[in-house]
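A quick write-up on the structure given underneath.
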Amino acid sequence: MKIMKKTIVSMLALAVGVLISSCKSDEDKEKCLITFHLGVTSGVPGGITLENAYLPVSKRTIIIEKKPFMYSGDLVKVDLVQFEQFGGVKLDGFQFTCTDSGVKRLTQATGSTLGGIVVIKVNEKIIASRPIDSLINTADFGALSEIQGMNREELEKLYEDMNNGIKEFKDVKEKNNEVFF
């Protein structure tokens, strides 16, 4: 069992390395790997390795699990969207479309952390968050942007880079006929 885990981790590291090295420029390298983490505002989530994370738009510090429960390989695509709040205020965000395995991971993670927060990172930088107010068990789910100081054009570039990263990761998986996580 330990050998199998080490092999899977090694294959994931190789795929991530290939994915990141296949980005078109140094600037793009930071925008290729999307990871999803569980977080809470108080108490301690079930993970062993934790870290504090500041959500700049939400203006709060939370505790998140370092190990992701989902990643780029569990996504079909990402869309840039605007969520309309009470009073007509529009906030930027992302709509994530999950694969079947992504839906399973998302359902398991959100079911075990009701009242928590899903934190989405791109290459270890927080880009979005979503409160877990109920079980998320659909292929599409949205999350508000946690990025400050980025104009619409920069957000659109990030959106394109994220989708390119998803495609590149999918290509690596298919080429090597491998399953990760």
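These figures come from a predicted structure and were not determined experimentally. Residue numbers run from 1 in the order of the sequence given.
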For D140 and Q95: C-alpha separation, side-chain torsions, deciding distance, then whether side-chain contact (heavy atoms from CB on, under 4.5 Å) applies. CA-CA 7 Å; D140 295 313; Q95 183 81 18; 3.3 Å; yes
Answer with yes or no whether the side chains of N52 and T61 bring together a donor and an acceptor at under 3.5 Å.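 Judged by distance alone, the side chains do not pair up.
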Can you see whether E65 engages T49 through a side-chain donor-acceptor pair at a distance of less than 3.5 angstrom?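 There is no such pair between these side chains.
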Close side-chain approach of K59 to Y54, heavy-atom, < 4.5 Å: yes
Rounded to the nearest 0.5 Å, how far does [atom2] of [Y] lie from [atom1] of [X]?
X	Y	atom1	atom2	answer
H37	K66	NE2	NZ	11.0 Å
L106	I132	CG	CD1	8.0 Å
R105	M70	CZ	CE	9.0 Å
S145	L55	OG	CG	11.0 Å
I64	I126	CD1	CD1	5.0 Å
L75	I34	CG	CD1	5.5 Å

Taking [Y]'s backbone N and O only, do any of them form a donor-acceptor pair with [X]'s side chain (distance below 3.5 Å, no angle check)?
X	Y	result
S72	L33	no
D92	Q82	no
T113	G116	no
R130	I117	no
T110	L135	no
E146	S58	yes

Partner of Y71 by ring pair (Phe, Tyr, Trp, His ring centres under 6.0 Å), out of F36, F169, F96: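 Running ring pair (Phe, Tyr, Trp, His ring centres under 6.0 Å) over F36, F169, F96 with Y71 returns exactly one hit, F169.
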[X] to [Y] - nearest heavy-atom pair and separation:
X	Y	value
L91	Q85	CD1-CG, 3.5 Å
D74	S101	OD1-OG, 3.1 Å
F83	G142	CZ-CA, 3.7 Å

Residue E153 excluded, over 12 heavy atoms near CD under 6.0 Å: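 For E153, atom CD is not crowded (no more than 12 foreign heavy atoms under 6.0 Å).
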Treating Ile, Leu, Val, Met, Phe, Trp and Tyr as nodes and any side-chain heavy-atom pair under 4.5 angstrom as an edge, say whether [X] and [Y] lie in one connected cluster.
X	Y	answer
M162	V76	no
L38	V103	no
V57	I62	no
L80	V122	yes
I147	Y159	yes

Salt-bridge test for K104 and D100: reply yes if a basic N is under 4.0 Å from a carboxylate O, no otherwise.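 Salt bridge: no.
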Is any NZ, NE, NH1 or NH2 atom of the basic residue among E160 and K157 found under 4.0 Å from an Asp or Glu carboxylate oxygen of the other? no
